Student: 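If you scroll down you'll find the structure; I have some questions about it.
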Number of protein chains: 2
Amino acid sequence: MAKGRVTVVDIAEAAGVSKSTVSLVLQGSSLVKGATRAKVLEVMSELGYVYNRGAANLRQTNASSSIIGVVVNDLTNNFFAELAVGVDMVVQSAGFVQFLSNTSESIDRQREVISSMREHGISGLLVSPARATEAADFKPLVAAGIPVVVVVRSLPGAKVSSVVADNANGVAMAVRHLVSLGHRRIAFLGGFPDTAVFDERMQGYRTAIKASGIEFDQKLVVPGPPSRAGGIDAIGRALMIDDRPTAAVCFNDAVAFGACDGLRARRMEPGQDFAVVGFDDVIEARSAVPALTTISVDPQAMGRRAAQLLLKQISAGKAEPESVVTAVRLVVRESCGAKNGRTAA
Amino acid sequence: MAKGRVTVVDIAEAAGVSKSTVSLVLQGSSLVKGATRAKVLEVMSELGYVYNRGAANLRQTNASSSIIGVVVNDLTNNFFAELAVGVDMVVQSAGFVQFLSNTSESIDRQREVISSMREHGISGLLVSPARATEAADFKPLVAAGIPVVVVVRSLPGAKVSSVVADNANGVAMAVRHLVSLGHRRIAFLGGFPDTAVFDERMQGYRTAIKASGIEFDQKLVVPGPPSRAGGIDAIGRALMIDDRPTAAVCFNDAVAFGACDGLRARRMEPGQDFAVVGFDDVIEARSAVPALTTISVDPQAMGRRAAQLLLKQISAGKAEPESVVTAVRLVVRESCGAKNGRTAA
DNA sequence: AAAAATAATTGGAACGTTCCAACTTTGTCA
DNA sequence: TGACAAAGTTGGAACGTTCCAATTATTTTT
């Protein structure tokens, strides 16, 4: 029994046909007679045959390994886990398998992982890049004709497709909502200015502020780490501005939670004494106290969208870079003060 | 340029050596002279060579593909995402890559995914099985000599290794804690009696109850779906028992949250009028109101442990089934009433 | 300086599959 | 019935690598 794996020639022998016929059966060719096919299939299940995809796509000149690589920067973050699940859904049903890896924001790890994936002959790559990823990092992939789709974080200058949330519009919606509640001094808290996502969100902020007839004030923009700690720090600085803000749009939900913490530390109640809006709609946003008003992006839908785009490019053969922007929506909860009928000042 | 991929013979030609020598360089053999190695490596990076692992382990008689398959039942659940990250950490650093897939509790999906993984020649499988997985489902893998490690949910009767939390001890700790707060009537809420995890937790409950000199009362065991809704239902039934309980250990945190909801619906405040303890320590446990007292299992550590076990078995060649039980700890927060100095009746 | 030992290199076969062209069997039509 | 077409089957070459035994280059020993 333990004389190595069962191969097509074993099957062929046992079924009394040639290995070519077995191969034909394997690919569901209509050339082989019904009776023969049945016999072969029977022998196959009897001997416990398992297809060797490695051998197969060694032969197939034009690769197409049926593996697609998925790289995310932080699986621990529910946002990215949902994204991966969305990707998996469409990838699976298209008969591909995914090769998922986590980089934990490490660019070295990302490089390692991607090169390992290449060695395994992925036919496409979907990546939510680690911070500080260079556009050039994907050059070799693209040169080799492997379609690459970047998701969540866009990579300016890279000749790859991307699927990102409508960052500008999301922030703009948040600003307009706060304006409609009567706020005029609205801060923008957190985020690193040298990232594409920051730029996009800031742009939405500027546009909406101006469109509301408010003058843009650079002092109200307080960048910082996109974390809870960063939020605490940012709100602290924002409150020291003379003519202090009465509301803030935060870079993401983590910053927003930090801002709430910071407000409380100063005896101010978020949603009553100060309006806070986040971005992402993470799972805790709903159950936090006060529940966070935020911009919701559906990561699972984004994953599906990105996977579809990638599959399209794989089957098209050549990768025409394409940019998709997915819609976001404003979820009004308590932290903006809308629910208790409060308006600013 | 686009005349297909670069292979070892291309390298050999360009470097003026034979393909055998290039192969030797590839595997870091000490047989090749320093100068030659340098030359080969130089040409390799110049031509943009990428190693074809598929071809390689086609030749290597004893497989060892350097891929390990990881299957989880619900990636959306942070518990399992953390687990996967733990696995990834050790798998990566051992030079393997992981092939992660999500089954969403679908047994069909699980079967598909695993067979696809086999086709790709995984050298080991780590799986958190979907509900209703049969022990027999892993028979073929084991027969083919592929090590399998089951994690989180044990599979009684399967001849595979497993890494599970110390369920019995965890529940026992919870019971002892409640007893120390003065409770004597302690219910056990939620969970399906036909699962291994339920059996283990129940066993811990019984043991600790008896060890505390309390008589075991079957009526206090209220099974049900391991969900928030199940918790609401279970607490409702528990409160109708005559000589009603004053505290409950819940099958998991979801049930515990449901129990809290149910208590409030009856104008009872969890942590004051009734003590509730959960299991898992999910992320929301800390931030909920009241914060949930629960049994914490570290999923990332579990993932690491399981991966180590799997790698050990892969390198050992033969898989001697082994069972590992990982430690858990009691995290006292507010829902048990300990923090406000309350004790039962 | 020749023989022996060691270091470095090499060609060819093999892994399990698919593809191609060639072949055999069966069916159809005049 | 013979010629021809269609249906079904087949052996061998190829994919990119590793392994083995054999060969050649370099040292060491006598």
Side-chain angles (χ1 to χ4, degrees), chain A residues 3-41 43-44 47-67 116 118-123 144, chain B residues 3-41 43-44 47-67 116 118-123 144:
Chain A
K3 62 191 312 240
R5 70 192 304 152
V6 181
T7 83
V8 287
V9 318
D10 298 328
I11 302 296
E13 226 158 75
V17 296
S18 79
K19 61 182 166 44
S20 302
T21 304
V22 177
S23 174
L24 256 7
V25 171
L26 243 21
Q27 21 204 166
S29 163
S30 60
L31 273 178
V32 24
K33 197 158 57 177
T36 316
R37 176 197 314 287
K39 175 70 182 165
V40 169
L41 289 173
V43 172
M44 251 160 40
L47 299 194
Y49 170 74
V50 333
Y51 184 69
N52 184 335
R53 230 170 253 278
N57 69 262
L58 173 57
R59 184 57 175 79
Q60 267 147 339
T61 355
N62 46 352
S64 237
S65 60
S66 85
I67 305 181
S116 171
R118 277 202 75 185
E119 291 183 359
H120 282 100
I122 53 171
S123 43
Chain B
K3 47 160 12 209
R5 69 193 305 153
V6 180
T7 83
V8 287
V9 319
D10 298 329
I11 302 297
E13 226 158 74
V17 297
S18 80
K19 61 183 166 44
S20 303
T21 304
V22 177
S23 175
L24 256 9
V25 171
L26 244 21
Q27 26 205 160
S29 163
S30 61
L31 272 177
V32 21
K33 196 158 57 176
T36 316
R37 177 197 315 286
K39 175 70 181 167
V40 169
L41 288 173
V43 172
M44 250 160 41
L47 299 194
Y49 170 74
V50 333
Y51 184 68
N52 185 334
R53 230 170 254 277
N57 67 261
L58 174 57
R59 185 55 175 78
Q60 267 146 341
T61 356
N62 46 354
S64 231
S65 60
S66 83
I67 304 182
S116 171
R118 277 202 75 185
E119 292 183 359
H120 282 101
I122 53 171
S123 42

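Each chain gets a letter, A, B and so on, in the order the sequences are listed, and its residues count up from 1. Nothing here was measured: the structure is a model prediction, and the numbers come from that model.
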Student: Are any of Q27(A)'s side-chain N or O atoms less than 4.0 Å away from OP1 or OP2 of dT17(C)?
Tutor: no
Student: Taking all non-hydrogen atoms of both residues, which atom of A144(A) and which atom of R118(A) are closest, and how far apart?
Tutor: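 Looking at all heavy atoms of both residues, the shortest contact is CB-NH2, 3.3 Å.
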Student: Rounded to the nearest angstrom, tell me the gap between atom CG in L26(A) and atom C1' in dC19(C).
Tutor: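 Those two atoms, CG and C1', are 14 Å apart.
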Student: Could you check how far CG of N57(A) sits from P of dT17(C), rounded to whole Å?
Tutor: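 Taking atom P of dT17(C) as the reference, CG of N57(A) is at 12 Å.
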Student: For A55(B) and T36(B), find the nucleotide of DNA chain C closest to each by heavy atoms; which residue's nucleotide sits nearer the 5' end?
Tutor: T36(B)
Student: Rounding to an integer number of Å, can you tell me how far N52(A) CG sits from dG16(C) C1'?
Tutor: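 Rounded to the whole Å, the gap is 6 Å.
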Student: Could you tell me the separation between the CG atom of L24(A) and the C1' atom of dA22(C), rounded to a whole number of Å?
Tutor: 15 Å
Student: Can you check the L58(A) CG to dC19(C) P distance for me, whole Å?
Tutor: 12 Å
Student: Given side chains that start at C-beta, do those of H120(A) and I67(B) come closer than 4.5 Å, heavy atoms only?
Tutor: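 The answer is yes, as the side chains (C-beta and beyond) meet within the 4.5 Å cut-off.
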Student: For K33(B) and for Y49(B), locate the closest nucleotide of DNA chain D by heavy-atom distance; then report the residue assigned to the nucleotide nearer the 5' terminus.
Tutor: Y49(B)
Student: Can you tell me whether the side chain of R59(B) and the base of dT18(D) have a donor-acceptor pair closer than 3.5 Å?
Tutor: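 Pair found.
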Student: Tell me which nucleotide among dT18(D), dG11(D), dG8(D) gets nearest to the side chain of L31(A).
Tutor: dG8(D)
Student: Which nucleotide in the set dT9(C), dG11(C), dT17(C) lies at the smallest distance from any side-chain heavy atom of V32(B)?
Tutor: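 Shortest atom-to-atom distance from the side chain points to dT9(C).
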Student: Students often get this wrong, so: under 4.0 angstrom with heavy atoms, is S20(A) touching a base, only sugar-phosphate, or nothing?
Tutor: base
Student: With heavy-atom distances below 4.5 Å as the criterion, would you say the side chains of Y49(A) and V8(A) are in contact?
Tutor: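 Heavy-atom side-chain distance check passes, below 4.5 Å.
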Student: Give the rounded distance in Å between these two atoms: CZ of R53(B) and C1' of dT18(D).
Tutor: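 Nearest whole value for this atom pair: 14 Å.
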Student: Can you tell me the distance, in whole Å, between the CG atom of D10(B) and the C1' atom of dT17(D)?
Tutor: 13 Å
Student: Quick one: are E119(B) and N52(A) in side-chain contact, heavy atoms under 4.5 Å?
Tutor: no
Student: Identify each donor-acceptor pair in which a side-chain atom of residues 14-26 of chain B lies under 3.5 Å from a protein atom, sequence neighbours left out, and give them as a table.
Tutor:
residue	atom	partner	partner atom	Å
S18(B)	OG	S20(B)	N	3.3
S18(B)	OG	T21(B)	N	3.3
S18(B)	OG	T21(B)	OG1	3.4
S23(B)	OG	Q27(B)	OE1	3.1

Student: What about S18(A): does its side chain form a donor-acceptor pair under 3.5 Å with the base of dG11(D)?
Tutor: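 Result: no qualifying N/O pair found.
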Student: Look at S23(B) and dT17(D) and indicate whether a side-chain polar atom (N or O) is within less than 4.0 Å of OP1 or OP2.
Tutor: no
Student: dG12(C) P sits how many Å from K19(B) NZ, rounded?
Tutor: 8 Å
Student: What contact category does T21(B) fall into here, base, sugar-phosphate, or nothing, at under 4.0 angstrom with non-hydrogen atoms?
Tutor: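 Base, at least one base atom sits under 4.0 Å.
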Student: Measure from the side-chain heavy atoms of Y51(B) and tell me the nearest of dT18(C), dT10(C), dT18(D).
Tutor: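 Among dT18(C), dT10(C), dT18(D), the one nearest the side chain of Y51(B) is dT18(D).
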